[in-house]
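One structure is given here, and the rest of the page talks about it.
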Amino acid sequence: MLRAHLQRTVDEISTGSDSDYSSSWISWFLSSKGNEYFCEVEEDYILDRFNLTGLNTEVQNYTQALDLITDNLDDDVAEEFRGSLDVQARLLYGLIHARWVITSRGLAKMLDKYKKADFGRCPRVLCQSQPLLPVGLTDVPYEKSVKLYCGRCEDIYSPKSSRHGSIDGAYFGTSFPHMLFLVYPHMIPQKSGIPELSPPGVKAVEGADGRRGRRPREEAEGTSEVMGEEFSTANVAMKAERYRPRIFGFQVSEIAKLQRWQEAIRDR
Amino acid sequence: MQRGAPRIVDPQPSSSQAQPSSSQQEMEDEEALSGTGEGDEVMEEEEAVEAEAEGYASSTPTSSLTWITWFCSLPGHEYFCEVSEEFIEDDFNLTGLNSMVPFWREALEMVLDVEPEDTQRIPDVSIVEASAELLYGLVHQRYIITRAGLQAMVEKYDAGQFGTCPRVYCVATHVVPCGRSDLPGLDTVKLYCPNCHDLYTPPSSRFQDVDGAFFGTTFAHLFFLTYRELAPAPYYSPTSASNAITPRDSPGGTSSNSNAARQVASSATNYGGQRAPAGRVYTSKIYGFRVSELARCGPRMRWLRMRPETATELDSVDWRGKWIGGDDFEDDDGQLDADRPEEEFDPDHAEGDDDEEEEEEEEEEEGPSSVVKGAGSMPKRRQEDRWTTANDYEAPPSPRPPTPIPKSASMQSLRTAVSSTSVDTPRDEIPMLSPPSPFVRNKGSIAHIFSKPASRGVIAVRTTVREVA
């Protein structure tokens, strides 16, 4: 107990962290506001240099940044240098995170967050609050910020809060959500019907009531399909609900034409 | 404790009030109430004080905040526009709402900042307020589809007050509030993106109290029909979207490539007066490789956001969602008639009954029989004279061709109208070959029911006429 307290004090002095209770740089980083999307990279993954191949070219002051992340940093670091070092440490952690998150253990950690809907929910009405997954548009840092991928509509959305909107997309990589669904096929959301992971405050009644005024062309979504085979997946796409724009109850001709074309493409 | 609305009456004479102005003056002289709607606690206290005395809060000459203005300035009500008072005062515009809104008169008076005449029968202010909100919302639903309402909303739209589409590849297209129902109490307001034609829940939780019926299902779409230059086009050419003239490597769509290259400068005119759409679709990749559609985790919903490259591609799907233009036997409608002449040529096709049944079915429905016809007849096509070609609709194959000609001639004109346009040319020669038949059966399609052919030879004539009819 005393030793832990001493350790914390030492850490405070050495790293200058603003949190009083973080025992490591990583835990401090994860508990910072706006970093909720990150998961914890295990220590042994970072310490194995093979996993960090090539990152030394992307990060300046690589060794010192690495030391900072693994809490091995010497105390005799100049103050003004610490600021840029912190930036590089974040970059380094982010790039390691991108690699970690598609390993099996990393996927497991992210899966937990996904199930808790830590990444937010799909803003699309017909996705019925499907949890999202972070994805990057590129694997190169400093290009695009992170986006959120919805497994149901298979589309990407910008995060709601600006804080999350400033996270680099390269810290998650372009492969992550697809890798997750590849490894955990039972987590692939069904494209129609009430989702199994209960969304907050969404009643099953809403689906039926909300469809008033819309022609019931969409098939009944009562039965939830088990995502067993890819055959059923393809069929489920056919049952996916669509929003039909209407004016005084009549479908808008141009949009309906486009939607017919899209469905013909789907059914081809 | 009642939550009070600032019952501020506009002291300016320009605001049309139902009450005579003298009573307004009396009111203003009596009460003094804080003008703005901010300090709700202050409001409540003064409301409570006055509630016993007057029933409703009343005005102050220091502020000219109408109920409507106050309502639209509330947090979470940013989507509302101010309905002009003339619109509300015209009872015609409020047709049918009195059955949906409780405390109709009181709510109307509250919305129009009118003092109630009788202070005896005063219901709870909060109830009346809820009623007023409902009333205003439903009036708002009607107002925003009028010219003036659309104009008010387009100003908000241009200012971006409704927000932008959360979808990345919509590139922050401005959205428009839309409801999922026209009846209140069902669902909250959503945002409609014209680029992806989809509904999104508003990002801020402030808007979760706003009923979707206050905007209705019609407004969003009428908005983009009215202001067509704000609506993205339903087709999208990636090359014309980019400013640089970059030739595409793919062999498909060469004409659109050249067109796109030429018309890069005038991209606005490419889309028929509409805006250029943001048409990129997300591709799922693992390590840079596209995930196959055959994989279980592969893309299944790409069609949801796809757009054709040219407007004419949209016409390749008919009104029922089927491809036009001869894919396979599954095509009915346009394809059916083209197939039929081929069927009748079959010398091997000994099933006269089948043909007759098929021809019966022509008149009734074309769907289920098309598969049978198409599959059976396609490989058996043979050369035929044109005059027999003309008889395809009436007669079963070659043994009978001479017989039906005279009878069918009179029906040709009717037949032409009924059938498709694919075999019109041979038909023109029919009148030359045979005199018109004097015998005219009834032209109804049910005639065949009564003239079911027992054998081909005997009732050849009758069947002919039946089929034509």
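Atom set for the values below is all heavy atoms of this structure, side chains included, hydrogens, waters and symmetry mates excluded. All values derive from a computational prediction rather than experimental measurement. Naming: A, B, ... by sequence-line order, numbering from 1 per chain.
Proximity to chain B is limited to the side chain of A:Tyr149, based on heavy atoms less than 4.5 angstrom apart. Within the 4.5 angstrom heavy-atom criterion, only side-chain atoms of A:Lys147, from C-beta onward, approach chain B. For B:Arg302, the part sitting under 4.5 Å from any heavy atom of chain A is the backbone (N, CA, C, O) and nothing else. Heavy-atom distances place the side chain of A:Leu137, and not its backbone, under 4.5 Å from chain B. Neither the backbone nor the side chain of B:Phe289 comes within contact range of chain A, judged by heavy atoms closer than 4.5 Å.
A distance-only check finds a donor-acceptor pair linking the side chain of B:Thr218 to the backbone of A:Phe248 [under 3.5 Å]. For A:Ser158 (side chain) and B:Val168 (main-chain N/O), no donor-acceptor pair under 3.5 Å exists by modelled atom type. The closest donor-acceptor contact from the side chain of A:Glu154 to the backbone of B:Arg300 lies under 3.5 Å. B:Thr201 contributes a side-chain N or O that, together with a main-chain N or O of A:Pro123, makes up a donor-acceptor pair within less than 3.5 Å.
A 6.0 Å sphere centred on OH of A:Tyr184 holds more than 12 heavy atoms belonging to other residues, nucleotides or ligands. More than 12 heavy-atom neighbours from other residues, nucleotides or ligands sit within 6.0 angstrom of CZ on A:Arg105. Applying the 6.0 Å contact sphere to CZ of B:Arg280 captures no more than 12 heavy atoms from other residues, nucleotides or ligands.
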Could you check B:Asp318 against A:Arg260 for salt bridge (Lys or Arg N to Asp or Glu O under 4.0 Å), going step by step and ending with a plain yes or no?
-> CA-CA 8 Å; B:Asp318 68 6; A:Arg260 274 197 303 270; over 6 Å; no
Before giving the answer on side chain to side chain contact (heavy atoms under 4.5 Å, CB included), spell out for A:Trp261 and B:Ser316 the whole-Å C-alpha distance, their side-chain angles and the decisive distance to 0.1 Å.
-> CA-CA 8 Å; A:Trp261 180 86; B:Ser316 57; 4.2 Å; yes
Could you give me the CA-CA distance, side-chain angles and deciding distance for A:Leu126 and B:Asp198, then say whether side chain to side chain contact (heavy atoms under 4.5 Å, CB included) is met?
-> CA-CA 9 Å; A:Leu126 293 174; B:Asp198 223 331; 4.3 Å; yes
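Between B:Val317 and A:Glu263, every side-chain heavy-atom pair lies at or beyond the 4.5 Å cut-off. Side-chain atoms of B:Pro308 and A:Leu258, non-hydrogen and from C-beta on, do get closer than 4.5 Å to each other. When side chains are defined from C-beta on, B:Trp323 counts as touching A:Arg268, because their heavy atoms get closer than 4.5 Å. Taking the side chain as every heavy atom from C-beta outward, A:Phe181 and B:Ser284 never approach each other to under 4.5 Å.
In terms of heavy-atom pairs under 4.5 Å with chain A, the best-connected choice from B:Leu222, B:Leu191, B:Ile145, B:Asp182 is B:Leu222. Heavy-atom pairs under 4.5 Å with chain B peak, among A:Asp139, A:Asp155, A:Leu180, at A:Asp155. Note on B:Pro203, B:Cys170, B:Gly321, B:Cys196: by heavy-atom pairs under 4.5 Å with chain A, the leading option is B:Pro203.
A distance of 8.0 Å separates CZ in A:Arg152 from CE in B:Met301, rounded to the nearest 0.5 Å. Between the CD1 atom of B:Ile286 and the CE atom of A:Met179 there is a distance of 5.0 Å, given to the nearest 0.5 Å. A distance of 13.5 Å separates CD1 in A:Ile265 from CZ in B:Arg307, rounded to the nearest 0.5 Å. The distance from the OH atom of B:Tyr287 to the OG1 atom of A:Thr174 is 9.5 Å, given to the nearest 0.5 Å. With rounding to the nearest 0.5 angstrom, the CZ atom of B:Phe224 is 9.0 Å from the CD1 atom of A:Ile255. To the nearest 0.5 Å, atoms OG (A:Ser253) and CG (B:Leu225) are separated by 9.0 Å.
By the 4.0 Å N-to-carboxylate-O rule, A:Glu254 lies close enough to B:Arg228 to be salt-bridged with it. Using a 4.0 Å cut-off between charged nitrogen and carboxylate oxygen, B:Lys322 and A:Asp267 do not count as a salt-bridge pair.
Aromatic ring pairs are classed by plane angle as parallel below 30°, tilted from 30° to 60° and perpendicular above 60°; the pair B:Tyr200 and A:Tyr157 is perpendicular.
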